[in-house]
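Following: one structure in structure tokens, then a few remarks.
Just so we're on the same page: letters track the sequence lines, and every chain starts at 1.
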Amino acid sequence: MAVLTEEQTMLRDAAKAWAQEKSPVTQFRKLRDSGNADGFDRAVWKEMAEMGWAGIVIPEEYGGTGLGTLTLGIVLEETGRTLTASPLLSTALIAAGAIALGGTDAQKQEWLPRIAEGSVVAAFAVDEGPHHHPGTLAMTKALSGTKRFVADGGAADLVVVATADGLFLVRGDAKGLTRQVLHSVDSRGFANLTFDNVEGEALSAPLDAVLDRARAGLAAEMLGTATQAFEITLDYLKTRTQFGQLIGTFQALQHRAAKMYTELELTRSCVEAALAAIDKGANDVPQLASLAKAKASELLHLVSNEMVQMHGGIGMTDAHDAGLYLKRARVAEALYGGASFHRDRYAGLMGY
Amino acid sequence: MAVLTEEQTMLRDAAKAWAQEKSPVTQFRKLRDSGNADGFDRAVWKEMAEMGWAGIVIPEEYGGTGLGTLTLGIVLEETGRTLTASPLLSTALIAAGAIALGGTDAQKQEWLPRIAEGSVVAAFAVDEGPHHHPGTLAMTKALSGTKRFVADGGAADLVVVATADGLFLVRGDAKGLTRQVLHSVDSRGFANLTFDNVEGEALSAPLDAVLDRARAGLAAEMLGTATQAFEITLDYLKTRTQFGQLIGTFQALQHRAAKMYTELELTRSCVEAALAAIDKGANDVPQLASLAKAKASELLHLVSNEMVQMHGGIGMTDAHDAGLYLKRARVAEALYGGASFHRDRYAGLMGY
Amino acid sequence: MSDVESFRAQARAWIEENLPASLKGGGARGLTDEGDSYIWGGRRAKWTNPDAKLWLERMGAKGWTAPTWPARYGGGGLSAAEARVLEQELAKAKAPQALASFGIWMLGPVLLEYASEEQKLEHLPKIVRGEIRWCQGYSEPGAGSDLAGLRTQCVDMGDHYLINGAKIWTSYANYADWIFCLVRTDNSKKHEGISFILFDMTSPGIETRPIKLISGNSPFCETFFTDVKEPKRNLVGKLNGGWEIAKRLLQYERQNISSGGFGAGGGYDLPDAAKDYVGIENGKIADADLRTRIAAHKMEAQAFGLTVRRLQEEAKAQKGPSPATSIVKYAAAKLNQDRTELLVEAMGSQGLGWDGDGYKPEEIMAMRGMLRAKANSIEGGTSEINLNVVSKRVLGLLDHQ
Amino acid sequence: MSDVESFRAQARAWIEENLPASLKGGGARGLTDEGDSYIWGGRRAKWTNPDAKLWLERMGAKGWTAPTWPARYGGGGLSAAEARVLEQELAKAKAPQALASFGIWMLGPVLLEYASEEQKLEHLPKIVRGEIRWCQGYSEPGAGSDLAGLRTQCVDMGDHYLINGAKIWTSYANYADWIFCLVRTDNSKKHEGISFILFDMTSPGIETRPIKLISGNSPFCETFFTDVKEPKRNLVGKLNGGWEIAKRLLQYERQNISSGGFGAGGGYDLPDAAKDYVGIENGKIADADLRTRIAAHKMEAQAFGLTVRRLQEEAKAQKGPSPATSIVKYAAAKLNQDRTELLVEAMGSQGLGWDGDGYKPEEIMAMRGMLRAKANSIEGGTSEINLNVVSKRVLGLLDHQ
């Protein structure tokens with residue numbers, strides 16, 4: 001854990017308490033079983049906004065607290081721990097960050113206060129094929145075509161659309177915009193959005209800067225998810241008995257647990273460095289964002305697999321939470337580029 | 001171990017007995033410490049030839065036994081176990097195989113009987129850069145340029161030279177051929193051969209077929225090397241005590257040992273399949289040869305590292321054999337293409 | 001013509017004549033109401049395609065559902081060579097497997113070895129003909145990897161046994177007619193207090209509860225026994241001698257579930273999926289990183305296939321399994337998990353679907369297959385147990401003293 | 001100007017004035033007759049470059065070889081902030097390290113904590129000035145990972161101790177003046193029978209034998225003690241209380257040998273080597289497989305560097321090391337081994353040289369560095385021991401009961 005300010009520490013403690021007590025995994029399970037089409041509970045989102053989380057990267061003059069990306073990352077980590085489904089990443093980090101970064105004063109005035117108060121849900125539409133490949137977008141300012149696998153795309157009142165001609169803001173009720181809600185394995189609110197000559201407003205934030213915020217923020221959420229998955233597994237190692245022994249006394253499992261812990265610590269450093277670099281406006285944001293997302297993807301892949309394996313048969317049952325972690329893991333791993341994409345990008349950024 | 005014929009079983013037993021008793025690693029160590037420039041002991045090579053090993057792939061009419069590549073692979077595995085340094089691979093398998101495959105009757109008459117009796121040492125010169133890349137040879141039939149890292153290139157009486165215009169046979173005393181003997185980490189007889197308009201005789205064997213023989217044969221030797229390295233390590237796990245326990249009772253080491261054993265068995269299947277496919281003239285020799293060499297490279301890399309690690313400090317000393325296995329491993333891994341090269345080749349052969 | 005070749009001609013002719021037309025050419029699906037492509041038989045079978053029933057009856061009558069079992073127990077009485085020929089001819093005709101059966105794969109072989117003549121004559125023919133569908137009562141909630149820690153009580157009541165307890169991971173217990181079951185007949189010893197018993201699942205006091213898995217399917221049940229009475233003649237082997245039978249049966253289980261690599265051959269081929277979803281550049285899968293990992297995986301798969309074949313050949317030559325067979329289950333599990341993960345990865349966001357219009361059936365199958373494959377390293381002995389077995393029995397390493 | 005900034009100005013001026021010209025600008029090699037670039041000091045030092053001696057004397061006189069040690073023991077008496085500034089200024093001037101010393105890295109910190117005032121005054125100033133070179137007598141042939149199993153006997157003879165036994169992996173014992181040594185002073189207990197003692201390597205009865213390593217170097221010795229007599233005042237801490245000191249010293253050892261990633265930053269940079277030896281296609285390393293693995297490794301290296309920095313910051317803020325520091329040694333060892341292996345692989349056959357004309361010095365160094373790095377996961381506690389420590393002390397997992 002990075003050295004936090006007093007404000008950050010208080011916010012983290014509040015977020016942890018809320019997530020563990022008010023929004024444990026049982027809540028997410030209920031949401032999933034309810035077949036909610038938004039992929040999140042609007043009342044819960046309102047509650048989160050009331051705690052000020054929707055405005056963490058929004059300047060005070062537009063109704064936020066302007067505490068920055070690292071601070072929001074701390075909250076995302078805590079909500080990620082319990083698989084809390086909400087538009088915190090897409091709305092409060094990505095869309096709000098993009099508008100704060102590149103919006104005109106009018107755009108900021110129009111959207112940021114409403115995001116901060118939780119009355120607008122926003123989504124970020126990037127990919128046009130099954131793989132993340134922002135370097136080759138076909139959509140232009142004419143805003144026609146299909147954006148795939150848009151997080152919170154079903155519920156969004158506002159869509160930040162990436163095109164070859166830059167970013168655009170599109171209203172959820174814009175003419176020509178149609179949505180196909182997806183039933184993704186993680187039961188979140190993904191949708192395909194089809195644009196037919198839709199009207200939008202240019203937003204002058206660089207795509208890469210917005211994407212790197214998305215990646216670092218998602219990596220923070222994934223770090224939380226992996227941390228809690230690891231802790232649940234560690235608890236099981238300390239309680240499950242086989243052959244008259246706690247299974248956590250078997251050295252082969254101990255070494256695997258120690259390696260997971262090592263990966264958790266290494267990934268934490270990358271995530272925190274990427275978030276801090278964004279707040280500082282540092283030059284190395286692109287490489288740190290790719291590092292954080294790649295490491296978080298590898299970490300969560302490993303930990304979610306080990307969670308199932310170390311739980312044995314019980315981990316294979318739908319009644320246990322391991323499957324929920326595994327399913328969310330695979331989605332988060334791929335979103336905004338998997339480890340493979342980011343290794344390639346990192347090498348390219350470093351010139352080899 | 002493949003199901004062997006009676007003849008193969010006898011040969012294997014004889015090879016195993018000879019390698020373990022007459023040519024244990026202490027012999028290789030002596031050779032290394034003597035600073036022998038050939039990288040092998042000519043008296044030992046004579047002895048191996050007298051046992052008929054130099055003629056295993058040579059037809060009976062040319063003084064060999066014509067038992068085939070799989071049979072020679074069985075012997076290579078046994079000599080590989082004890083790091084026996086000899087031109088068995090380069091002369092008896094590669095060069096003899098190339099001439100048997102594509103030589104004119106005159107070429108066969110001239111070279112094969114002398115190879116079978118052990119009076120000619122032959123080498124195979126392919127690579128022109130530090131990496132194996134036979135698809136882009138610059139040397140042509142004019143036979144000018146430098147061939148690098150030629151196994152047994154220092155001692156060779158005959159060199160099979162790969163060029164963009166096909167293979168050529170070049171006599172060791174040919175005008176314009178100069179040699180730079182290398183001090184490689186495995187203390188074998190590698191050399192750089194520089195050709196200045198050298199006279200050679202075309203040999204009409206396909207380069208890829210000869211290379212695939214080289215790869216499968218080397219993989220067999222590496223399988224033996226890895227097998228013995230594993231057995232030495234397993235013995236140490238059964239005798240070394242720490243914390244009042246044999247270290248082989250620690251489950252983390254047990255699982256690593258079991259995984260190595262798994263890799264050994266998987267690799268054995270690939271090596272034997274590649275050798276058998278060569279003897280059958282099967283269509284899938286290229287993919288099986290790449291499979292065998294890639295797997296053998298990965299296996300030996302793993303086992304040689306684990307050998308040092310599981311021996312602890314003693315494995316780091318020059319007095320212990322672990323270092324000799326490690327050093328030979330790295331050379332054999334790279335020769336005729338490492339795992340990386342062969343993964344790429346395999347994917348290409350399979351059309352993706 | 002050799003005997004084997006003359007058998008081949010007979011087999012081919014028989015198949016040509018008896019394989020119902022609707023099942024020819026492979027690809028048969030939805031043969032039964034369970035919606036899968038397997039014919040499981042049994043008393044409760046419901047046939048959506050009557051030709052599937054016909055095929056089972058014809059094959060069962062020949063004993064070719066269990067080709068090498070003795071004819072006196074209903075088997076085909078074929079030699080190993082003939083059985084291979086039959087297999088080849090069935091494959092050529094792309095005939096569906098006439099019977100998928102834990103009775104044939106697991107129970108039958110141990111009955112042949114351990115059961116009384118009376119028991120063999122009672123059970124084996126019904127297994128061969130697919131009349132009785134069996135399930136396996138091994139694991140318990142507290143006894144997974146430590147199978148011998150099982151606690152289901154079986155008490156000798158003089159003229160019958162009284163069984164109380166619970167099993168878990170009983171495959172398709174909700175569809176099975178009979179169960180082969182490990183029970184505790186002596187509480188004072190661990191391994192030496194276990195017996196192997198068979199009984200009818202319609203006996204009073206048995207309840208099955210399907211377990212929903214993360215893949216969405218329910219191939220397993222929890223099974224509860226409350227004062228279940230069973231005749232004493234259903235005990236196989238000696239009282240308290242069940243552990244030896246249990247271990248032998250596990251060997252058959254591991255061989256069967258892993259020798260085919262958990263079906264790693266089937267479905268969307270990885271390189272094809274990668275080409276379709278990632279694209280091609282200069283004839284290569286466009287993502288070089290993924291391409292490398294796919295190639296490495298395909299090489300592992302080929303190495304595995306060559307190993308299974310080699311071990312079979314060696315076993316034949318040596319009249320017994322090589323110690324190396326113990327690596328097969330571990331390797332097969334890892335391989336299938338790697339394959340299904342790579343398939344999901346190759347499909348990108350299209351591989352992340354659960355259901356609904358947004359995804360093609362093969363995309364849904366890729367995700368569910370990946371989730372299902374997580375069990376490969378748990379079912380039939382965890383990979384950790386497999387590695388323990390290799391290190392102790394094959395490599396001779398010891399437990400802490 | 002803050003105090004720290006005014007210190008920066010002073011330090012810079014002092015370095016400018018006192019760093020001998022021949023040592024400026026970095027890259028200094030062959031400073032001593034041991035042929036390496038380190039200044040080890042000690043009574044037996046032979047100086048091939050007298051400026052190296054001068055630099056050590058000047059830095060030692062300031063106490064800046066041990067900047068944060070108290071001035072009364074010869075140290076620099078600097079605050080942590082000042083010490084960082086000094087380090088930065090020395091780095092800017094590319095000054096060679098004035099003293100490489102196990103005395104500073106390992107012994108000094110435990111003397112400050114455990115030694116008597118008299119012992120501190122005797123030994124610490126000589127360490128700071130590089131007058132006495134120390135070696136470490138810990139491991140024994142039968143006691144490697146199980147360090148507490150050591151058997152070197154130290155018997156109380158009334159007016160002196162009598163020491164008999166053998167040590168192994170004593171770094172540079174053949175060059176050292178004094179040794180800090182673990183000895184057994186009670187055979188009836190394991191950990192509670194160990195004491196920590198210092199003595200002069202020129203005492204009669206000590207023999208050192210360099211061990212040749214697979215890398216060709218001999219940085220370690222076997223060291224034999226035959227009836228070595230030592231004054232009783234050289235015992236540090238309590239009799240039979242050495243294990244606590246030993247463990248603390250090991251913490252310093254692990255921190256020191258791993259926090260820099262075993263020097264993973266130095267030498268030929270991997271991507272450069274790959275470009276030079278493999279070639280470039282479309283601006284990328286031509287071998288896509290190798291490129292991917294190099295990128296993955298460089299990312300690990302950056303993650304490691306960020307982690308070391310984070311742990312330092314956390315330790316500062318919390319006034320004590322985070323439990324996560326125990327992962328550093330393990331991670332550093334793996335990282336350096338991966339780096340050196342990739343460098344050898346990138347160089348192809350040019351990375352496979354031992355010596356001779358056929359190879360450039362950096363090529364030979366790549367191979368020898370790879371071989372040397374194999375010890376990283378053994379020295380100062382094996383990776384297996386590190387993982388045990390993490391699982392027990394950090395994760396709270398237990399031994400078999």
| Portion of Asn388(C) that has a non-hydrogen atom of chain B nearer than 4.5 angstrom | both

| said: Take a 6.0 Å sphere around CD of Glu7(B) and say whether it holds more than 12 heavy atoms from other residues, nucleotides or ligands. | reply: no

| query | Is it the backbone or the side chain of Ala273(B) that comes under 4.5 Å from a heavy atom of chain C, or both, or neither? | reply | side chain

| said: What's the separation between atom OH in Tyr352(B) and atom CG in Asp269(C), rounded to the nearest 0.5 Å? | reply: 8.0 Å

| Between CG on residue Leu306(C) and CD on residue Glu265(B), distance to nearest 0.5 Å | 13.0 Å

| query | Can you name the nearest heavy-atom pair linking Leu397(C) to Gly248(B), along with the distance? | reply | CB-O, 3.6 Å

| Under a 4.5 Å heavy-atom cut-off, does chain C meet the side chain of Glu231(B), its backbone, both or neither? | neither

| field | Atom pair NE2/OH of His255(B) and Tyr330(C) - distance to nearest 0.5 Å | value | 9.5 Å

| query | Which atom pair, heavy atoms only, marks the closest approach of Arg291(C) to Gly348(B)? | reply | NH2-N, 3.6 Å

| note | Applying a strict 4.5 Å limit to non-hydrogen atoms, the region of Leu288(B) in contact with chain C is side chain

| query | Which bit of Lys316(C) is near chain B, if near means a heavy-atom gap under 4.5 Å: side chain, backbone, both or neither? | reply | neither

| What distance do Ser391(C) atom OG and Arg256(B) atom CZ have between them, rounded to the nearest 0.5 Å? | 13.0 Å

| request: Check whether any side-chain N or O of Arg310(C) sits under 3.5 Å from a backbone N or O of Cys270(B) as a donor-acceptor pair, and report yes or no. | output: no

| task | Step through the shown structure and confirm whether more than 12 heavy atoms of other residues, nucleotides or ligands are within 6.0 Å of CD on Glu87(C). | result | no

| query | Tell me, side chain or backbone of Gln254(B) under 4.5 Å from chain C's heavy atoms, or both, or neither? | reply | both

| Does NZ belonging to Lys238(B) count more than 12 external heavy atoms closer than 6.0 Å? | yes

| request: Evaluate the side chain to side chain contact (heavy atoms under 4.5 Å, CB included) criterion for residues Met299(C) and Arg343(B): first the C-alpha distance (whole Å), next the side-chain angles of each, then the deciding distance (0.1 Å), finally the verdict. | output: CA-CA 8 Å; Met299(C) 293 169 94; Arg343(B) 272 193 293 267; 3.8 Å; yes

| task | Between chain B and each of Glu384(C), Gln302(C), Lys284(C), count heavy-atom pairs under 4.5 Å; write down the option with the most. | result | Gln302(C)

| message | Out of Thr292(C), Asp399(C), Thr307(C), return the one with the most heavy atom pairs under 4.5 angstrom to chain B. | response | Thr307(C)

| Shortest non-hydrogen separation from Ala303(C) to Lys295(B) and the atoms involved | CB-CE, 4.2 Å

| said: Within a 6.0 Å radius of atom NE2 on His133(B), are there more than 12 heavy atoms belonging to other residues, nucleotides or ligands? | reply: no

| query | Relative to chain B, which segment of Ala296(C) carries a heavy atom at a distance below 4.5 Å: side chain, backbone, both, or neither? | reply | both

| field | Nearest atoms (heavy-atom pairs only) where Leu266(B) meets Phe304(C) | value | CD2-CA, 3.8 Å

| said: For Leu291(B), which atoms come within 4.5 Å of any heavy atom of chain C: side chain, backbone, both, or neither? | reply: both

| Between Thr249(B), Thr267(B), Leu264(B), which has the largest tally of heavy atom pairs under 4.5 Å with chain C? | Thr249(B)

| query | Of the backbone (N, CA, C, O) and the side chain (C-beta and beyond), which part of Lys275(C) lies under 4.5 Å from a heavy atom of chain B, both, or neither? | reply | side chain

| request: Name the region of Phe230(B), side chain, backbone, both or neither, that has any atom closer than 4.5 Å to a heavy atom of chain C. | output: side chain

| said: side chain to side chain contact (heavy atoms under 4.5 Å, CB included) for Leu234(B) and Leu395(C)? Distances and angles first, verdict last. | reply: CA-CA 8 Å; Leu234(B) 192 59; Leu395(C) 304 181; 4.1 Å; yes

| field | Proximal component of Val389(C), with respect to chain B [non-hydrogen, under 4.5 Å] | value | neither

| request: Check each atom of Ile280(C) against the heavy atoms of chain B and say whether the ones under 4.5 Å are side chain, backbone, both or neither. | output: neither

| query | How long is the span from the CD atom in Gln245(B) to the CG atom in Leu398(C), to the nearest 0.5 Å? | reply | 10.0 Å

